[in-house]
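Take a look at the structure below.
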Amino acid sequence: MPPAVEQAMISKTLRELFLAANRVLVLTGAGVSAESGVPTFRGGGQSAVWKGLPFEVISSAAMLERDLPAVWEWFNYRRNLLVQLRPNAAHTTIASWQDRFSDLSLVTQNIDGLHQAAGSRDVIELHGNVWRARCFDCDARYSLDDLSRDEAVPSCFDCGGNLRPDVVLFGEMLPPGAFERAADAAQRCELCFIVGTSAVVYPAASIPEIARGNGAYLVEVNPERTQLSDLCDEVLMGKAGEVLPLLRR
Ligand code: BV8
Ligand code: ZN
């Protein structure tokens, strides 16, 4: 992107806010991982489908009861895609912000772990993490590294119960405290970046609305407009990996 376009993209207001801010919230969705090669779920007119099932169906609480092996197969497929992928410039730029702002909160809808791989600490994962599993019966947590891959449904070492991916499926509550922490950050932030999300999934999509309510300046980073765009003070129309590095102190 030519420097003149780069600089024109970032308004004077945003540049000044970015320099002066202390309390910043970043909400990310699948788009922040797109340049790492992780397929998004929507956008560009496509919607993720797996073996003929829309992803909202295979990633739903009902499917756990209906066909737990299929749910494991779906998340094993997702993990196998991820295993050779690396964080992109968007992840690393956001990670660098934790040393620039005294109060940075990173809230993600993603389950890929790429923010942590880029060095982000204390990531608020609203929808869990595909690299963890948990026991239906005793709630024991496991890293996928500790589980054998040859069982259709891994079993709990402690109680023998079935394990499930430690991911929030459609129709399930978010992890206890995750949304509350994110909402607290939204209530106190001065600057709120919404990066790479179509903003259709709730309650995650209500986080920017809370930030708006507290008077924060909202900046969307997305190559497409979304249903949040009209709520934002600025929409930086571009790829997160190209736009976020333009924001320098
Ligand atoms: C809940 C984990 C309370 C799984 C996910 C009926 C019954 C029950 C609930 C509901 C219902 N109707 C509605 C609901 C609520 C439901 C919901 O919101 N549904 C939507 C579809 C309408 N929510 C829930 O169920 C939540 N729980 O409400 O609990 C409750 C409990 C019981 C009963 C009632 C209520 C739980 C939601 C969590 C679901 N799990 N993920 C998995 O990953 O498989 S959500 C899933 O969607 C992913 O986590 C994903 O992150 C999330 C949102 O998608 P996005 O991240 O926005 O990704 P998307 O592809 O959509 O967009 C990408 C964007 O990036 C695009 O805009 C694109 O333009 C942009 N982009 C592309 N390239 C780039 C880019 N941007 C920047 N740079 C680029 N290079
Ligand atoms: Zn157990």
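When reading the values below, keep in mind they use all heavy atoms of this one structure, side chains included, and skip hydrogens, waters and symmetry mates. Just follow the structure's listing: the first ligand is 1, and inside any ligand the first atom is 1. Just so we're clear, the structure is a prediction, and the values are computed from it rather than from any experiment.
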The one among F170, F55, Y202 that brings a heavy atom closest to atom 26 (C) of ligand 1: Y202

Does R188 have more than 12 heavy atoms from other residues, nucleotides or ligands lying within 6.0 Å of its CZ? yes

Expected output: side-chain D112 to main-chain S33 donor-acceptor under 3.5 Å: no

Sole residue of F41, F55, W74 in ring-ring contact (aromatic ring centres under 6.0 Å, His included) with W50: W74

Closest to atom 80 (N) of ligand 1 among H127, M237, E35 (heavy-atom distance): E35

Of all the atoms in ligand 1, which lie at a distance below 4.0 Å from a heavy atom belonging to A30? 55 (P), 56 (O), 58 (O)

V168: numbered ligand 1 atoms lying under 4.0 Å from its heavy atoms: 2 (C), 4 (C), 5 (C), 36 (C), 38 (C), 39 (C), 40 (N), 41 (N)

Judging by distance only, is a nitrogen or oxygen of T197 under 3.5 angstrom from one on ligand 1? yes

Evaluate the side-chain proximity of W97 to L244: yes if any heavy-atom separation is below 4.5 Å, no if none is. yes

Once rounded to 10°, what is the value of the angle centred on the Zn ion (ligand 2) between C156 SG and C135 SG? 110°

Closest by any non-hydrogen atom to atom 29 (O) of ligand 1: pick that one out of Q227, E172, E224. E172

Atoms in ligand 1 with a heavy atom of P223 nearer than 4.0 Å: 71 (N), 74 (C), 75 (C), 76 (N), 77 (C)

Carboxylate-amine/guanidinium proximity below 4.0 Å for D166 and R164: no

To the nearest 0.5 angstrom, please state how far the CZ atom of R42 sits from the CD atom of E224. 12.5 Å

In terms of atom number and element, which parts of ligand 1 are under 4.0 angstrom from non-hydrogen atoms of V200? 18 (O), 20 (C), 22 (C)

Where the closest heavy atom to atom 48 (C) of ligand 1 is concerned, which of F75, F179, W50, F41 has it? F41

At a 4.0 Å cut-off, with the gap strictly under it, does some heavy atom of R78 reach an atom of ligand 1? yes

Numbered in order shown, the ligand 1 atoms found under 4.0 Å of a heavy atom of T40 are 60 (O)

